[in-house]
Amino acid sequence: MIGNTDTNLGSPAASSFRADMAQTKPKRLYQVWKGSNRFFCGGRLIFGPDVASLFLSTLLIAGPGIAFCVKIYSNIDHQNTTWYPVLAVGLILTFLALMFLFLTSGRDPGIVPRNSKPPDSDDASDMMTPSMEWVNGRTPHLKLPRTKDMIVNGHTIKVKYCDTCLLYRPPRASHCSICNNCVQRFDHHCPWVGQCIGLRNYRFFFMFISTSTILCIYVFVVSSINILHHKKDDRHKKGSIWEAMSHDVLSDFLIVYCFIAVWFVGGLTVFHFYLICTNQTTYENFRYRYDKKENPYRKGVIRNLREIFFSKIPPSLNDFRSLVQEDEHIMVGSLTPNLDGDIISSKEKIDIEMGGKHAEESGFSLPEILRNLDYNDLEDNLKSKEEEGRTAFHHFFPVEQKAKEPVQSSTIGNGTNTDEKIDEESSSHQTKPPILQA
């Protein structure tokens with residue numbers, strides 16, 4: 001027996017297991033992050049999954065901006081120095097537009113940290129909620145309301161449960177399907193910057209589109225003046241404006257380009273300035289329509305502007321460079337209700353993160369809340385239901401009547417309606433919703 005034990009311990013499988021255990025080292029949070037973000041510089045820079053679009057946006061800004069500066073520099077001579085301030089302003093606006101672009105794209109927009117397991121059902125049942133839609137399909141021992149009520153500035157709002165992040169979203173937060181994260185004060189996901197626009201980068205996003213608008217107007221005006229300057233030149237004194245444009249193709253291109261671009265970035269600037277003045281987000285404006293009901297976050301134009309431009313940006317809720325154990329961040333995904341009411345068996349694979357990976361295939365250990373489930377009882381119940389189904393198939397309607405008799409007898413014997421019991425139990429758990437001040 002002793003010899004067999006030594007042989008097993010010295011087997012290649014045992015040696016491989018010990019090597020894997022020895023090589024298990026803490027990793028950085030960004031290395032095990034379950035979102036779709038892309039990290040650079042050791043987790044110091046965080047981008048969205050569509051970060052490649054950032055290069056296109058950079059080219060669309062830097063290309064015309066540099067071309068404009070080169071054109072203005074070619075107009076400078078030693079006797080006429082009036083073009084130097086024009087060149088300086090063009091360089092500054094181009095630099096600011098690119099700087100705000102990267103500040104918007106390369107920082108945490110306000111990602112809400114994920115939970116490794118769902119909240120306790122006892123705590124969730126104490127929350128007052130009119131919703132009877134429960135999150136208990138894949139975890140029968142859980143009974144979580146889909147929404148719960150919170151009070152913000154004297155107004156009752158609903159916060160939803162996120163099946164992916166396993167948490168109740170904070171007020172004004174929403175889950176971005178592209179980045180796969182819940183984001184504080186979620187505005188929208190901008191494909192041009194390759195990042196979500198949220199609480200921590202909305203200010204830089206507005207400065208980016210407003211600076212780009214000013215740059216387009218500036219290049220358009222100066223290029224038009226440059227063509228008029230060519231028209232007044234001695235060589236083109238007798239020519240028309242079209243002849244002057246034919247001798248300055250670069251200025252023609254910049255005028256057409258800026259005329260088209262200003263409608264895009266200028267329209268965004270005006271729209272977001274309206275949202276700032278009314279303290280709305282793009283998501284709220286299109287979904288809730290606060291013009292038809294009172295906005296609980298509106299504080300007046302001055303205070304709304306102060307909140308966006310002069311308030312302190314809150315720190316990130318995630319330290320992506322912190323050392324963590326990989327097992328601590330394995331999270332169960334897609335805890336959505338099972339509408340058919342089918343009971344899962346122990347052989348059913350558990351979806352991990354958006355239902356794309358399976359626990360058996362990846363080798364991940366299941367969370368404790370799933371390991372504690374009694375799957376044997378679930379299989380017995382499933383088998384008993386199958387046997388009842390076969391009996392019903394042979395006897396047709398008599399079995400259906402027998403199945404209904406216990407429900408009727410329990411109702412008559414107790415003398416109480418089942419629906420009334422449910423209402424009494426749910427009302428006994430209702431408490432005052434939490435109060436938040438925004």
Side-chain angles (χ1 to χ4, degrees), residues 45 47-48 51-77 80-107 109 187-188 190-195 197 200-231 244-245 248-277 282 305-306 308-311 313:
L45 299 178
F47 297 88
V51 64
S53 61
L54 180 63
F55 296 98
L56 176 61
S57 300
T58 303
L59 179 63
L60 294 176
I61 296 174
I66 295 175
F68 171 78
C69 294
V70 170
K71 177 62 180 177
I72 298 301
Y73 182 79
S74 64
N75 295 339
I76 298 176
D77 53 25
N80 187 5
T81 60
T82 56
W83 291 103
Y84 279 107
V86 177
L87 176 61
V89 173
L91 289 173
I92 293 174
L93 289 177
T94 303
F95 172 77
L96 289 177
L98 293 175
M99 181 186 69
F100 288 128
L101 171 63
F102 285 99
L103 286 176
T104 303
S105 180
R107 67 185 291 119
D187 190 88
H188 70 287
C190 182
W192 295 100
V193 302
Q195 182 64 284
I197 308 301
R200 301 189 66 251
N201 64 349
Y202 183 79
R203 177 186 304 176
F204 301 110
F205 171 75
F206 181 81
M207 297 302 296
F208 161 64
I209 58 177
S210 59
T211 305
S212 300
T213 302
I214 297 174
L215 178 61
C216 288
I217 296 175
Y218 182 77
V219 173
F220 179 85
V221 172
V222 175
S223 298
S224 301
I225 296 175
N226 194 29
I227 291 180
L228 295 177
H229 180 266
H230 281 286
K231 181 178 180 299
M245 294 176 62
D248 196 349
V249 180
L250 181 57
S251 296
D252 300 340
F253 169 77
L254 293 176
I255 290 175
V256 175
Y257 179 86
C258 293
F259 178 80
I260 297 175
V262 75
W263 291 102
F264 175 71
V265 293
L268 279 177
T269 303
V270 174
F271 174 69
H272 280 278
F273 184 74
Y274 160 76
L275 294 180
I276 292 174
C277 293
T282 303
L305 292 173
R306 186 184 306 167
I308 297 297
F309 296 108
F310 301 103
S311 62
I313 298 178

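Under the ring pair (Phe, Tyr, Trp, His ring centres under 6.0 Å) criterion, W83 pairs with no residue at all, not counting sequence neighbours. Scanning for ring pair (Phe, Tyr, Trp, His ring centres under 6.0 Å) contacts around F309 gives F206, with sequence neighbours left out. The side chain to side chain donor-acceptor pair (under 3.5 Å) search around T282 returns D187, not counting sequence neighbours. Residues meeting the side-chain contact (heavy atoms from CB on, under 4.5 Å) test with L268, sequence neighbours left out: I209, F264, H272. Residues that satisfy the side-chain contact (heavy atoms from CB on, under 4.5 Å) test with T213, not counting sequence neighbours, are I217, V262, V265, T269. Qualifying ring pair (Phe, Tyr, Trp, His ring centres under 6.0 Å) partners for F271, counting only residues two or more places apart in sequence or in other chains: none. Remark: F47 pairs with F40 by the ring pair (Phe, Tyr, Trp, His ring centres under 6.0 Å) rule, at least two apart or across chains. Partners of S74 under the side chain to side chain donor-acceptor pair (under 3.5 Å) rule, at least two apart in sequence or in another chain, do not exist in this structure.
Rounding to the nearest 0.5 Å gives a distance of 6.0 Å between CG of N201 and CD of Q195. Atoms CG and CD1, on L56 and I61 in that order, are 10.0 Å from each other to the nearest 0.5 Å. From Y73, atom OH reaches atom OH of Y84 across 6.5 Å, with rounding to the nearest 0.5 Å. F204 CZ to S105 OG: the interatomic distance, rounded to the nearest 0.5 Å, is 13.0 Å.
Applying the salt bridge (Lys or Arg N to Asp or Glu O under 4.0 Å) definition to pairs two or more places apart or across chains, those involving residues 248-258 are K71-D248.
The two atoms that bring C216 and A261 nearest to each other are SG-CB, 3.9 Å, heavy atoms only. Contact between T211 and M207 at its shortest, heavy atoms only, is OG1-O, 2.6 Å. Listed here is the closest heavy atom pair of C258 and F220: CB-CB, 4.0 Å. Of all heavy-atom pairs between L305 and F273, the closest is CD2-CE1, 4.1 Å.
When atom types are taken as modelled, the side chain of R107 and the backbone of R200 share a donor-acceptor pair closer than 3.5 angstrom. Proximity of a side-chain donor or acceptor of S53 to a complementary backbone N or O of P191 within less than 3.5 Å is detected. Looking at S251, its side chain never comes within 3.5 Å of a backbone N or O of I227 through a donor-acceptor pair.
Tested against N226, the residues L254, N75, L250, V221 include a single side chain to side chain contact (heavy atoms under 4.5 Å, CB included) partner, N75. Of the candidates V193, L54, L45, L54 is the only one forming a side chain to side chain contact (heavy atoms under 4.5 Å, CB included) with F102.
Inter-residue side-chain proximity for I197 and P109 is flagged as unmet; no heavy-atom pair is nearer than 4.5 Å. A heavy-atom distance below 4.5 Å is not found between the side chains of Y257 and V219.
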List, one per line, each side-chain donor-acceptor pair under 3.5 Å for residues 88-101, sequence neighbours excluded.
{"unit_1": "T94", "atom_1": "OG1", "unit_2": "G90", "atom_2": "O", "d": "2.8"}

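Ring geometry for F259 versus W263: interplanar angle over 60°, hence perpendicular rather than tilted (30 to 60°).
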